[in-house]
Amino acid sequence: MKRFFIIILFFISVITVNAQRKSGISAFNFIPDFYIGGNFGPNAFFADGFSEYGFKGCYGLSESVFMGYNLSEIIGVRALASFSNLTWPGVHSQNIIEKKFSTMAMSVEAIYNFSNTFDIYNLNRPLDFSIFAGIGFISREKSTFNNEYLGYVLKGGLQLDYRINFKLDLSAQANINVLDEDFNEKVVGIPFDLVPEFKVGLTYHMRTNRRFR
């Protein structure tokens, strides 16, 4: 455990030093801004019986709408409403049949912009790379389960933004959602369920003007 904390501290120090060594002068003053957007894409449901069904028949579709705020050149936050159609192939060795069902989640995420950490703030740069992590609540419809479900979800992922123009970005993100084992009413094997997602979408920034240094 001590070695783990030493590695984390070393990683943080490297980021800090690199941020301090950024060279060049940005053409833009940073102004905190709100943004809105949405994205969608495929998901997969990794849960009990995964050793049997593997990567077959466990795919669905996820979509999200969000509103966010960039607090600084590096740190931002956003709130999301997410909707998913999931497929669980079941556990055939235990006579648990396939289940298709819908979920809705409300969550908040913190976003860390790596591009602005290692380079100057630049709205002319076409690509920005970020990481994010968050927490929220997720509900599952009853469908063919015994009961409806309401529980927590932990999430994290990577995001790439392509700047179309001053206000509009095209984004692609890969993330994973970690759910409680009771999500599918079965406790077999690992004590959690996973829902990886890959989504693409658009982000509209409410920037009012460009301010040059």
Side-chain angles (χ1 to χ4, degrees), residues 34-69 76-111 130-161 169-204:
F34 283 98
Y35 59 86
I36 58 174
N39 52 34
F40 72 97
N43 64 52
F45 188 50
F46 298 161
D48 305 292
F50 178 73
S51 59
E52 294 184 19
Y53 64 78
F55 293 92
K56 297 179 180 179
C58 63
Y59 301 104
L61 186 66
S62 294
E63 56 188 36
S64 297
V65 292
F66 53 84
M67 174 178 288
Y69 186 70
V77 293
R78 63 187 172 197
L80 303 92
S82 304
F83 310 89
S84 297
N85 294 315
L86 301 178
T87 300
W88 180 34
V91 187
H92 296 296
S93 62
Q94 300 183 26
N95 296 318
I96 301 174
I97 63 173
E98 178 185 85
K99 299 179 186 291
K100 294 180 180 289
F101 53 95
S102 299
T103 67
M104 182 178 70
M106 302 294 293
S107 59
V108 292
E109 296 175 351
I111 307 163
S130 304
I131 62 173
F132 60 90
I135 188 171
F137 292 96
I138 186 170
S139 64
R140 170 186 48 74
E141 65 175 353
K142 182 176 180 180
S143 185
T144 56
F145 294 95
N146 295 323
N147 299 289
E148 295 180 348
Y149 173 86
L150 176 63
Y152 65 86
V153 56
L154 301 175
K155 58 200 315 187
L158 311 173
Q159 179 169 312
L160 186 67
D161 293 296
D169 294 343
L170 175 66
S171 67
Q173 66 175 237
N175 67 280
I176 190 164
N177 302 283
V178 183
L179 308 170
D180 185 75
E181 174 65 9
D182 291 333
F183 178 75
N184 62 347
E185 296 184 342
K186 297 297 175 183
V187 182
V188 180
I190 58 176
F192 52 82
D193 297 329
L194 300 175
V195 181
E197 300 171 322
F198 178 79
K199 294 185 285 190
V200 295
L202 293 172
T203 302
Y204 179 79

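Predicted model only: the values in this text are computed from it and were never measured.
For the pair V195/L179, a side-chain contact is recorded, criterion being any heavy-atom separation below 4.5 Å from C-beta on. Using a 4.5 Å cut-off on side-chain heavy atoms (C-beta onward), R78 and Y35 make contact. Taking the side chain as every heavy atom from C-beta outward, L202 and L170 approach each other to under 4.5 Å.
Sorted by first and then second residue, the salt bridge (Lys or Arg N to Asp or Glu O under 4.0 Å) pairs involving residues 84-93 (not counting sequence neighbours) form an empty list. Listed by first and then second residue, the salt bridge (Lys or Arg N to Asp or Glu O under 4.0 Å) pairs involving residues 190-202 are E197-K199 (not counting sequence neighbours).
Between G41 and L61, the shortest heavy-atom distance links the atoms O-CD1, 3.2 Å. The nearest pair of heavy atoms linking K155 to I135 is CG-N, 4.4 Å. Here the closest non-hydrogen pair linking T87 and G57 is CG2-O, 3.1 Å. Shortest non-hydrogen contact noted between S171 and D161 is CB-OD1, 3.1 Å. Here the shortest heavy-atom pairing between F101 and E141 reads CA-OE2, 3.3 Å. The two residues N184 and F145 have their closest heavy-atom pair at O-CE2, 3.6 Å.
The backbone N or O of F183 sits less than 3.5 Å from a side-chain atom of R140, completing a donor-acceptor pair.
Distance CG/L194 to CG/N43: 12.5 Å, rounded to 0.5 Å. Atom OG in S143 sits 10.5 Å away from atom CD in E148 (nearest 0.5 Å). One distance of note links CD of E109 with OG of S64; it measures 8.0 Å at 0.5 Å rounding. F192 contributes atom CZ, which lies 11.0 Å from atom CG of L154 (distance to the nearest 0.5 angstrom). For the atom pair Q159 CD and T203 OG1, the distance stands at 6.5 Å (nearest 0.5 Å). To the nearest 0.5 Å, the span separating CG on N177 from CZ on F45 amounts to 11.0 Å.
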From CA spacing to verdict: side chain to side chain contact (heavy atoms under 4.5 Å, CB included), N85, K100: CA-CA 7 Å; N85 294 315; K100 294 180 180 289; over 6 Å; no
Audit row: F137, M106, side chain to side chain contact (heavy atoms under 4.5 Å, CB included) steps and yes/no: CA-CA 6 Å; F137 292 96; M106 302 294 293; 5.6 Å; no
Working for side chain to side chain contact (heavy atoms under 4.5 Å, CB included), residues N39 and Q173: CA-CA 9 Å; N39 52 34; Q173 66 175 237; 3.6 Å; yes
Evaluation steps, side chain to side chain contact (heavy atoms under 4.5 Å, CB included), between Y152 and D180: CA-CA 7 Å; Y152 65 86; D180 185 75; 3.5 Å; yes
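Take F83 and apply the ring pair (Phe, Tyr, Trp, His ring centres under 6.0 Å) test, not counting sequence neighbours, and it matches no residue. Residues meeting the side-chain contact (heavy atoms from CB on, under 4.5 Å) test with V91, sequence neighbours left out: D48, E52, W88, S93, Q94, I96. When the side-chain contact (heavy atoms from CB on, under 4.5 Å) test is applied to F50, the partners found at least two apart in sequence or on another chain are F46, Y53, F55. With sequence neighbours excluded, no residue satisfies ring pair (Phe, Tyr, Trp, His ring centres under 6.0 Å) with F132.
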